[in-house]
Amino acid sequence: MTNGAKVAVLGGGSFGTVIANLIGTKGEAVNLWMRDVQRAEEINETGENSRYLPGRQLAESITATADMQAALADVDIIFVSIPSSSFRSVIAQAKVYLKPDQIVVSTTKGIEADTFSLMSQILADELPENPIGVLSGPNLAKEIVQQQLTATVIASESEKVRKAVQDILHCAYFRIYASTDMYGVELGGTLKNIYAIASGLSAALGMGENTKSMLMTRSLAEMSRFAVQLGANPMTFLGLAGVGDLIVTCSSPLSRNYRVGFALGEGKSLVEAVESLGEVAEGVNTLRYVKEKADELGIYMPLVRGLFEVVFNGAPVSQVAKMMMLNTQSSDVEFILPRD
Ligand SMILES: NC(=O)C1=CN([C@@H]2O[C@H](COP(=O)(O)OP(=O)(O)OC[C@H]3O[C@@H](n4cnc5c(N)ncnc54)[C@H](O)[C@@H]3O)[C@@H](O)[C@H]2O)C=CC1
Ligand SMILES: O=C(CO)COP(=O)(O)O
């Protein structure tokens, strides 16, 4: 199933470790780069990443390293699993050692603060000669490491990239579907984090199943409205990187974004909710940047606006929810019946 490609993964957090482990479990050699030398030594010596996957024995073919040059030497594909806030700076470190034929794939689901760039746009800016792609789908790290069945999407304009990533990741518990809509796939994975916070909040407040279903479906409507305004293909939102990832992240307490929402619903402050996680929840910053962008472009996003008031301005959820429910009646699927 593989084509003998050699792989590096940048980022030794939950997802980077899990992607490296998936490839390693297939018997392929994989370099796992992380900034923390001690953690790299721990993985090499004990086979465990005790901070992010405690108690899990990782594949023996993983070589962890904090040396970027060594990590990138002689590899064909590089997966980048670094939070969006540090993504550009890590790519800048890697750039010095990269050759133009090395494939670079982002697995990050976030937006850069000052530029509103998605990670594929950062890759295109920083590495104009390298073939690039993005990987996104319903992929909770902690389920993948247990080999629970799932699938994902590799999006790239390059057929070579799509095929190489399908070959290297495909196995009995992980299917890889292909797309050419990099921007749409990436936006799906990024935007759903916002609505996962809203879902966690509504779960903590004891809202019913009808409410959860309405929230997810209207989230999908809002995400695709935003994406279309930014030039993405709305059909992508019908796939695994759209509705697929939205469902899992809005339903599972394994999602860090859902957990932030749940903690807020239990009355914790935003700082407490984020600090108690100890891992990245991209949705908090994404909410801020998307609210600003929607205001700037005049895109109607009542859920984003309402959640922003709750998360950043302490508005009571009951009041925000009441306002949304009593809002002007609207169209269900606006690609069929446009909104007034
Ligand atoms: N955990 C999951 O289930 C999934 C996560 N993702 C995405 O993957 C990205 C990374 O998430 P996780 O690995 O889960 O986060 P995490 O919080 O588990 O780990 C983040 C890792 O990035 C490292 N890091 C942060 N800044 C760095 C820098 N400047 N230089 C080097 N390393 C740095 C941290 O040391 C840590 O090892 C996020 O955008 C997330 O949305 C995507 C799919 C699933
Ligand atoms: O993107 C994810 C699952 O597909 C992980 O979501 P969280 O970042 O909310 O844990």
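Every number for a ligand or one of its atoms is a count from 1 in the order of the listing.
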Salt-bridge present ([X], [Y]; N to O < 4.0 Å):
{"X": "Glu266", "Y": "Lys268", "value": "yes"}
{"X": "Glu334", "Y": "Arg225", "value": "yes"}
{"X": "Lys142", "Y": "Glu279", "value": "yes"}
{"X": "Asp295", "Y": "Arg305", "value": "yes"}

Notebook entry, point to check: Under the criterion side-chain hydrogen bond (donor to acceptor under 3.5 Å, both in side chains), which of Thr190, Asn193, Asp245, Thr286 is the partner of Lys109?
Noted result: Asp245

Next item on the list: Report, as yes or no, whether the 6.0 Å neighbourhood of atom NZ on Lys212 holds more than 12 heavy atoms from other residues, nucleotides or ligands.
Entry: yes

Margin query: Please state which option from Gln93, Arg88, Arg256, Lys109 has its nearest heavy atom closest to atom 5 (C) of ligand 1.
Written below: Arg256

Margin query: Please compare Ser136, Ser14, Ala141 and report which has the shortest non-hydrogen distance to atom 3 (O) of ligand 1.
Written below: Ala141

Please tell me whether [X] and [Y] have a donor and an acceptor in their side chains that are separated by less than 3.5 angstrom.
{"X": "Tyr177", "Y": "Arg175", "value": "yes"}
{"X": "Ser120", "Y": "Glu186", "value": "yes"}
{"X": "Glu112", "Y": "Thr115", "value": "yes"}
{"X": "Ser84", "Y": "Thr108", "value": "no"}

Distance from [atom] to nearest protein heavy atom, with residue and atom:
{"atom": "atom 37 (O) of ligand 1", "answer": "Gly13 N, 3.1 Å"}
{"atom": "atom 10 (O) of ligand 2", "answer": "Arg256 NE, 2.5 Å"}
{"atom": "atom 34 (C) of ligand 1", "answer": "Arg35 NH2, 3.8 Å"}
{"atom": "atom 44 (C) of ligand 1", "answer": "Asn139 O, 3.1 Å"}
{"atom": "atom 10 (C) of ligand 1", "answer": "Ser81 O, 3.9 Å"}
{"atom": "atom 38 (C) of ligand 1", "answer": "Glu282 OE2, 3.5 Å"}
{"atom": "atom 36 (C) of ligand 1", "answer": "Tyr52 OH, 3.3 Å"}

Notebook entry, point to check: For the atom pair CD (Gln148) and CG (Asn139), what is the distance rounded to the nearest 0.5 Å?
Noted result: 13.0 Å

Checklist line | Distance in Å, Arg35 CZ paired with Leu10 CG, rounded so as to fall on 0.5 Å steps | finding: 13.0 Å

Next item on the list: Tell me which part of Glu282 gets within contact of ligand 2: side chain, backbone, both or neither, using heavy atoms under 4.0 Å.
Entry: neither

Next item on the list: Check each heavy atom of Asp245 against ligand 2 and say whether those closer than 4.0 Å belong to the side chain, the backbone, both or neither.
Entry: side chain

Checklist line | Evaluation steps, side chain to side chain contact (heavy atoms under 4.5 Å, CB included), between Leu303 and Leu215 | finding: CA-CA 9 Å; Leu303 288 169; Leu215 181 56; 3.8 Å; yes

Check: Under a heavy-atom criterion of less than 4.0 Å, does Lys192 contact ligand 2?
Finding: yes

Item checked: Ala141 to ligand 2, any heavy atom closer than 4.0 Å -> no

Looking only at N/O atoms, are [X] and ligand 1 under 3.5 Å apart anywhere?
{"X": "Gly110", "result": "no"}
{"X": "Phe15", "result": "yes"}
{"X": "Ser86", "result": "yes"}

Check: Would you call the rings of Tyr258 and Phe262 parallel, tilted or perpendicular, where under 30° means parallel and over 60° means perpendicular?
Finding: parallel

Number the atoms of ligand 1 from 1 as they appear, then name those within less than 4.0 Å of a heavy atom of [X], with their elements.
{"X": "Leu140", "value": "3 (O)"}
{"X": "Thr107", "value": "6 (N), 7 (C), 8 (O), 42 (C)"}
{"X": "Val90", "value": "28 (C), 30 (N), 31 (C)"}
{"X": "Val280", "value": "11 (O), 15 (O), 17 (O)"}
{"X": "Glu279", "value": "17 (O), 18 (O)"}
{"X": "Gly12", "value": "37 (O)"}

For ligand 2, which atoms sit closer than 4.0 Å to a heavy atom of [X]?
{"X": "Thr249", "value": "6 (O), 9 (O)"}
{"X": "Ser255", "value": "7 (P), 9 (O), 10 (O)"}
{"X": "Gly137", "value": "4 (O)"}
{"X": "Asn257", "value": "7 (P), 8 (O), 9 (O)"}
{"X": "Lys109", "value": "1 (O), 2 (C), 3 (C), 4 (O)"}

Margin query: Before you tell me yes or no, could you show the steps for Val161 and Ile132 under side chain to side chain contact (heavy atoms under 4.5 Å, CB included), namely the whole-Å CA-CA distance, both residues' side-chain angles and the distance that decides it to 0.1 Å?
Written below: CA-CA 7 Å; Val161 172; Ile132 60 168; over 6 Å; no

Notebook entry, point to check: Hey, is Pro83 one of the residues with a heavy atom under 4.0 angstrom from ligand 1?
Noted result: yes

Margin query: Using a 4.0 Å heavy-atom cut-off, which part of Thr108 comes near ligand 1: side chain, backbone, both, or neither?
Written below: both

Next item on the list: Under 4.0 Å, heavy atoms only, figure out whether ligand 1 is touched by the backbone of Trp33, its side chain, both or neither.
Entry: side chain

